Amino acid sequence: MVSLKSHSEIELMRAAGRVVARTLRVTAAAAVPGVSLIELDRLAADTIRAAGAEPNFLGQRPHCSVPPFPGVLCLSVNDRIVHGVPDDTVLREGDLLSIDGGAAVRGYHADAAITVEVGKVDAAATRLSRATKEGLDAGIAQMIPGARLGDISYAIQEVAKAHGYGILHGHGGHGIGTSLHEDPHVANEGRPGRGYRLREGLVLAIEPMYLEGGTGDYRILPDQWTLATADGRRAAHFEHTVAITADGPQILTRE
């Protein structure tokens with residue numbers, strides 16, 4: 001069931017979104033060669049709790065066959081696409097790192113992701129990251145009352161196609177509010193003018209994930225969480241929590 005949010009609910013989500021944005025900024029600044037993923041996760045946990053919020057990724061369990069997620073952040077390096085488990089992996093010069101995090105304030109959630117360059121990266125990595133951010137911006141631009149869910153999906157898809165990148169099969173954005181994941185699912189591929197009609201008060205987490213190799217194929221690593229590209233090439237991921245308002249889309253995951 002799709003839930004529309006009141007102004008006061010959106011403001012609580014904005015408060016959570018500020019915490020998420022600050023956490024991503026602090027973590028990105030610390031993502032330098034020689035730092036481990038678990039160190040970044042501990043920094044994020046401290047940042048979220050110091051703001052009086054709760055980390056909402058920790059302990060997530062989509063179904064009983066998957067172990068609870070052990071971290072505060074999803075940290076996905078190079079060919080890891082999403083849901084990367086923080087571990088003792090040490091960042092190296094030239095890595096491409098997706099940082100995906102969330103927080104809750106008084107029971108209301110926010111979720112966002114960025115892809116950052118570790119030290120100096122090659123030009124192809126920068127192109128992939130910039131194109132994925134372009135796809136996020138294109139999807140957000142469609143978030144106006146009266147548009148359709150498929151308009152968001154199509155916009156994200158067309159940016160990927162224009163740059164020759166693949167889109168992760170079967171994964172996309174989602175509604176968000178009193179739960180981290182709510183209806184509707186927001187596919188990153190679709191047809192314009194189709195699907196749920198967007199209404200004021202709907203809040204969505206929009207998150208394109210582009211794959212350098214041009215396909216959307218992936219494999220699941222033994223930790224049962226991390227998704228990696230099937231061909232071993234890199235991926236990038238950007239996300240914002242966005243409210244649909246009469247004045248256009250409002251990004252809630254900004255400081």
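Note that the coordinates shown come from a computational prediction; the quantities given were computed from them, not determined experimentally.
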Using atom types as modelled and distance alone, determine if a side-chain donor or acceptor of [X] lies under 3.5 Å from a backbone N or O of [Y].
| X | Y | result |
| --- | --- | --- |
| Asn56 | Ala103 | yes |
| Asn188 | Glu207 | yes |
| Asp79 | Arg233 | no |

- Verify the distance criterion only: is there a donor paired with an acceptor across the side chains of His83 and Asp100 at less than 3.5 Å? no
- Any chance the side chains of Thr115 and His237 put a donor and an acceptor closer than 3.5 Å? no
- Query: Would a 4.5 Å heavy-atom cut-off, applied to side chains only, mark Ile176 and Met13 as touching?
  - Reply: yes
- Message: side-chain contact (heavy atoms from CB on, under 4.5 Å), that's the test. Do Trp225 and Val85 meet it? Break it down for me.
- Response: CA-CA 7 Å; Trp225 275 100; Val85 172; 3.7 Å; yes
- Leu252 CG to Thr241 OG1 distance, which is reported to the nearest 0.5 Å: 6.5 Å
- Task: Start with the C-alpha distance between Glu39 and Ser36, add both sets of side-chain angles, then the distance that settles side chain to side chain donor-acceptor pair (under 3.5 Å), and finish with yes or no.
- Result: CA-CA 5 Å; Glu39 288 177 293; Ser36 70; 3.1 Å; yes
- Give the C-alpha distance, both sets of side-chain angles, the deciding distance and a yes or no for side-chain contact (heavy atoms from CB on, under 4.5 Å) between Ile140 and Ile251. CA-CA 9 Å; Ile140 291 172; Ile251 296 173; 4.1 Å; yes
With clusters defined by side-chain heavy atoms of hydrophobic residues (ILVMFWY) lying less than 4.5 Å apart, directly or transitively, does [Y] cluster with [X]?
| X | Y | result |
| --- | --- | --- |
| Val35 | Leu97 | yes |
| Val2 | Met143 | yes |
| Leu149 | Tyr154 | no |
| Val20 | Phe238 | yes |

Tell me whether [X] is salt-bridged to [Y], with the criterion being a basic N under 4.0 Å from an acidic carboxylate O.
| X | Y | result |
| --- | --- | --- |
| Asp137 | Lys133 | yes |
| Glu255 | Arg25 | yes |
| Glu212 | Arg127 | no |

- Query: Within a radius of less than 6.0 Å around CZ of Arg219, do more than 12 heavy atoms belonging to other residues, nucleotides or ligands occur?
  - Reply: yes
- Item | Ring centres under 6.0 angstrom apart (His185, His174) | no
- Would you name the heavy atoms of Tyr210 and Ile156 that are closest together and state the gap between them? OH-O, 2.6 Å
